[in-house]
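Protein chains get the first letters and strands the later ones, always in sequence-line order, with residue 1 at the start of each. Owing to the predicted nature of the structure, the values given are computational and were not obtained by experimental measurement.
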Amino acid sequence: MSDTRSDDTPAHRYSAVLAQDIETRWQSRWDDEATFEAPNPAGPLADATKTAERGEPLFILDMFPYPSGSGLHVGHPLGYIGTDSFARYNRMNGRNVLYSMGFDAFGLPAEQFAVQTGQHPAITTDQNVANMRRQLHRLGLSHDKRRSISTTDPAYYRWTQWIFKQIFDAWYDTDADKARPISELVAAFEAGTRPTPDGRPWADLSVTERAAVIDGHRLAYVAEAPVNWCPGLGTVVANEEVTADGRSDRGNFPVFTRNMRQWMMRITAYADRLLDDLDRLDWSDAIKTMQRNWIGRSTGAYVDFASDAGPIRVFTTRADTLFGATFMVLSPEHPLVDELTASSQADAVAAYRSAAAAKSQIDRSDETRAKTGVALGSTAVNPLTGEPIPIWIADYVLMGYGTGAIMAVPCGDQRDFEFARTYDLPIPPIQEPPAAWFAERDIEPTLDTATWPEAFVGDAAYVNSANATLDLNGTASVADGLAATHDWLEANSLGEATVTYKLRDWLFSRQRYWGEPFPIVYDEHGIAYALPDDMLPVLLPETDSFSPRTFDPDDEFSNPESPLDRIDHFIDVELDLGDGPKSYRRDSNVMPQWAGSCWYELRYLDPTNEDALVDPDVERYWMGPDPDIRPDHPGGVDLYVGGVEHAVLHLLYARFWHKVLYDLGHVSSVEPYYRLFNQGYILANAFKDSREIYVDALSVEERDGQFFFEGEPVTREWGKMGKSLKNAVSPDEMYDAYGADTLRLYEMSTGPLDQSRPWETRDVVGMYRFLQRLWRTTIDEDSGELVITDDEPSDDTRRLLHRTIDGVRADMEGLRFNTAIAKLIELNNHVTKLDATPREVAEAMVLMLAPIAPHVCEELWSRLGHDTSLTYEPYPVADPELLVDDEVEIPVQVKGKVRSRVMVPSDADASAIEKIALSDDRIVAMLGGDAPKKVIVVPGKMVNIVI
RNA sequence: GCCCGGGUGGCGGAAUGGCAGACGCGGCGGACUCAAAAUCCGCUGUCCGAGAGGGCGUGUGGGUUCGAAUCCCACCCCGGGCACCA
């Protein structure tokens, strides 16, 4: 595998040793010459000369990494190599390319590592960042290093805190459909143009009352919220971070549902815009679908059922089935349960409620099919039929969704159907299912629901669905039924149509140490104040006790205690917020890791700006809307590449923050990421021993299709490469064995960028051999002299060259690096057979391969007599005249099978080609003198003869 | 259960209605070498055949078409995501 040189190895062969020499030399030169620095139109990174030389701006972005202690493995840079190749390709096409890399360095792993080792997370984070920078630099990524950021740098998180302030100081004006500064809301209350909640004049409200009203509008607000309390981590985790079995994503501790006061972000205010603007983005349909499903907009209706305790409001998406509602089910926690419980049922209801309370929400959703419940002994009135229907409680109805009460339509909802079967409740039909529905279930068509195996859901004509003023009978579609029912409910003041979302507000606080502190203090009334800009950043205080207080993982009733709570000099401060020095308490929470990644692309644009998060002119230059691309272009990064695991959370949060910044006038782009490309993963074999423990994959031996670790048999499986599966391969090993260019080529050659593919170390040598052959077409291995001729290439060679240029260009534009490489190998294999390589071909090949294997190409370019970097050399352009041949060989099929091939002039028309094909010896023989029934000719492509 | 991907040689993959298997790995044979490694050259889907050549072949079954890996219908399998969300 590795390069073993001996005395008879040619002195100037392209070897791993030579590759390393070339690579480190060119990396130093790029650094010294600031080759990849992209000029801004204004500010400290402006350079009018360079801006004039470069063309249109192009912003290429990778999802930035978390700087883990184990460094990179070869799976990480798959996307980076792709973006780097694309960046280099576009520089050669005259674009001003912004391409950099930062580090998402706050978060729990560094904190937990610090707890284990006693070392401050800032120190380990810096070490990890330094190591990853070295590995990325060694890979030859063409980053503009001036623009790199770390989310943990106070100069960076100062602006994370500043953005939080903007969100805190903003409210969503549903009339204008945008966020506005909170000061404009206060002005409207003061002027009386906007009524206060209880109608009293604003001036009559106490300070606390005003604060409560304002806080109720803020886009960042504190609320008592049901959260997932994880005593084992000592912190709350977001719903999105809880695994299916009710444990924490990280650490795998039990998670309990508890009410706590937490910072929330009102992302739901943006639900419609987050949904609608997906149409303006160049993202895959798969990702758009995932975001749409996550936002989960659905049209439904609230319906009021009269009862002894007043109207009970339910939410339904199927108001059209209201005629079939024969009972109602409340959540056991519903506030009206006590009032509606008949004395005879009191004991049973109490027992059921305490049993339900003992189960977590996760447990309740885990109970797959068994339906349980208790009747309260009272009734409500179906507003359409006027009939009394019994009220039940059941734990499949959750207080956290809708109104905590449902109308049950057993014939049209599977859960209600099962519940009705279990408790012998009537199941009247209100739709007549089509014949096919019965046929599929192997029963005779009937409206006798006793024979139905399940509920019917879908479009079908309604039956039994009429009262004095509403008649759905005969209506055949659910959409029409819904529209008619919604109109009727609203006209009769018995309900209202509404739009609901699955999306919930974003829980934004963490009781941890290693994150951004909130720029918030509280006065003696507990009123929150955002600190003025000149008090930012709020520095994370030094401490040697940075772990949150953890508890017995099973101690559900423990309470969180942030590490910052223990630092008195941080928490208790005296500040002058404009009305003289006063005592305040700081907020002791820190922000979640998502915060720093919600806006980092903006800081790459203007990384040292101390007056603004980004200069507006600079932002407009790189990210502004571009009607040349499309009329409704929303602006944003030109290409964003990253893993599909961020399809929902990161991408939704970042879009939300960006839209707030847009509404408040801080950015010109409506969306942060215009084109999104999801790269695949590098997969690798992983091996488990008989105890089901992963063993070091690199030490596993294969014998006769069986796998052994230290002599013991092990089983093989597939997995994403990584530390947990003990199958990580370090890029450093590949640099030593082959060099970075070979690694880059290998990763790009194994398949399309958006597809996951297995890592096979033994396959890497193929690209190494290719680079050796490429080297030999230019350099004599023994003497080191050029083997280039200045003679014109032959016509064949030149045509192949231009076909290759044409194909490679198209592949590079489409990020199809695997097929671009294949075409270049074919061209090189052709050139290898020539006595000497024509300069014209050698130079074009070097330029074409340079984006993917930049170091060796720079070296060859230099040896070919050029004294500047090829970074800004024009990428070769194909001559269209050389793409068409005089004659082409086309297949001749008989009944769809290829039986012969003929040469025809490339501009021959169908009848001429037919004549040539029919006179071919083999075809004549097959026809045996008969005339063909039919001949199909596709000029330039093929002939098909039907006999 | 629902949603989204995907199934092509021994392996990664190419071909998006027109020559299935480009390119690479591996394998086999050869050159160089005392030898091995490295490097280079040739062959390599499968079956029948001495050969020329022919049959079969893109998860399975059907369909559309002069022609299907590609389009349509049904099914099977693999990967990922979501789930008492009314």
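- Interatomic distance, CZ of A:Arg292 versus CD1 of A:Ile287, reported as 11.5 Å (0.5 Å rounding).
- Nucleotide B:rU39 holds its P atom 16 Å from the CG atom of A:Leu774, rounded to whole Å.
- Residue A:Arg292 is classed as having no contact, given no heavy-atom separation below 4.0 Å to the nucleic acid.
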Contact letters for nucleotides 23-34 of chain B, in which S counts primed atoms plus P, OP1 and OP2 and B counts the base, heavy atoms under 4.0 Å
SSSS--------
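- When heavy atoms are screened at a 4.0 angstrom cut-off, A:Asn818 is found touching the sugar-phosphate backbone but no base atom.
- Here A:Asn944 lies in heavy-atom contact (under 4.0 Å) with a base.
- Comparing B:rG80 with B:rA15, their P atoms sit 26 Å apart, to the nearest whole Å.
- Looking only at side-chain heavy atoms (C-beta outward), A:His830 and A:Leu801 stay at 4.5 Å or farther from each other.
- We find that CD of A:Glu760 is positioned 9 Å from P of B:rG12, with the value rounded to whole Å.
- A:Thr761 has its side chain within reach of A:Met734: a pair of non-hydrogen atoms, C-beta onward, lies under 4.5 Å apart.
- When rounded to the nearest whole Å, the span between CZ of A:Arg776 and C1' of B:rC41 equals 12 Å.
- Between A:Gln755 and B:rG6 there is no side-chain N or O to OP1 or OP2 distance below 4.0 Å.
- Closest-nucleotide positions on RNA chain B for A:Met942 and A:Val946 were compared, and the one nearer the 5' end corresponds to A:Met942.
- Distances shorter than 4.0 Å separate none of the side-chain N or O atoms of A:Gln893 from OP1 or OP2 on B:rG18.
- Residue A:Val898 is in sugar-phosphate contact alone, with no base atom involved, counting any heavy-atom pair closer than 4.0 Å across all strands shown.
- With its glycosidic angle within 90° of 0, B:rG9 adopts the syn conformation.
- Taking a cutoff of 4.0 Å between a charged side-chain nitrogen and a carboxylate oxygen, A:Glu496 and A:Arg313 qualify as a salt bridge.
- In summary, the aromatic rings of A:Phe770 and A:Trp775 are positioned with their centroids too far apart to meet the 6.0 Å limit.
- In this structure the side chain of A:Val337 never reaches within 4.5 angstrom of the side chain of A:Tyr352, judged on heavy atoms.
- Mapping A:Pro891 and A:Ile287 onto RNA chain B via the closest heavy atom, the residue that lands nearer the 5' end is A:Ile287.
- Taking atom P in both B:rC75 and B:rC4, one finds a spacing of 15 Å when rounded to whole Å.
- Between the CG atom of A:Leu753 and the P atom of B:rA14 there is a distance of 12 Å, rounded to whole Å.
- Within the 4.0 angstrom heavy-atom criterion, only backbone atoms of the sugar-phosphate kind lie near A:Arg899; the bases stay farther away.
- Helical stems in RNA chain B, defined as runs of 3 or more consecutive Watson-Crick or G-U wobble pairs with donor-acceptor distances under 3.5 Å: B:1-7 with B:76-82, B:10-12 with B:23-25, B:26-31 with B:39-44, B:45-48 with B:53-56, B:59-63 with B:71-75.
- Computed from coordinates, the A:Phe417 CZ to B:rG1 C1' distance equals 16 Å when rounded to whole Å.
- Counting to the nearest Å, the C1' atom of B:rC66 and the CD1 atom of A:Ile890 are 15 Å from each other.
- In this structure, the side chains of A:Gln291 and A:Leu274 stay at 4.5 Å or more apart for every pair of heavy atoms.
- Proximity of A:Asp920 to A:Leu918: side-chain heavy atoms (C-beta onward) are nowhere separated by under 4.5 Å.
- Put simply, CZ on A:Phe770 is 17 Å from P on B:rA22, counting in whole angstrom units.
- Only the C1' atoms considered, B:rG6 is 14 Å distant from B:rG13, to the nearest whole Å.
- Between A:Asp782 atom CG and B:rC40 atom C1' the separation is 13 Å, expressed in whole Å.
- When the C1' atom is used for both B:rU46 and B:rG57, the distance is 7 Å, rounded to whole Å.
- Here, B:rC43 and B:rG21 have their C1' atoms 16 Å apart, quoted to the whole Å.
- A 4.5 Å side-chain heavy-atom check between A:Trp392 and A:Met328 finds every atom pair outside the cut-off.
- Spacing between B:rC48 and B:rA38 at atom C1', rounded to whole Å, works out to 41 Å.
- Atom C1' of B:rU70 sits at a distance of 10 Å from the matching atom of B:rU58, rounded to the whole Å.
- Among B:rA38, B:rA15, B:rC66, the nucleotide with an atom closest to any side-chain atom of A:Arg13 is B:rA38.
- At a threshold of 4.5 Å between non-hydrogen side-chain atoms, the residues A:Phe817 and A:Leu815 count as touching.
- Between the P atoms of B:rC28 and B:rG45, the separation comes to 16 Å (whole Å).
- To the nearest 0.5 Å, atom CG of residue A:Leu651 and atom CH2 of residue A:Trp283 are 4.5 Å apart.
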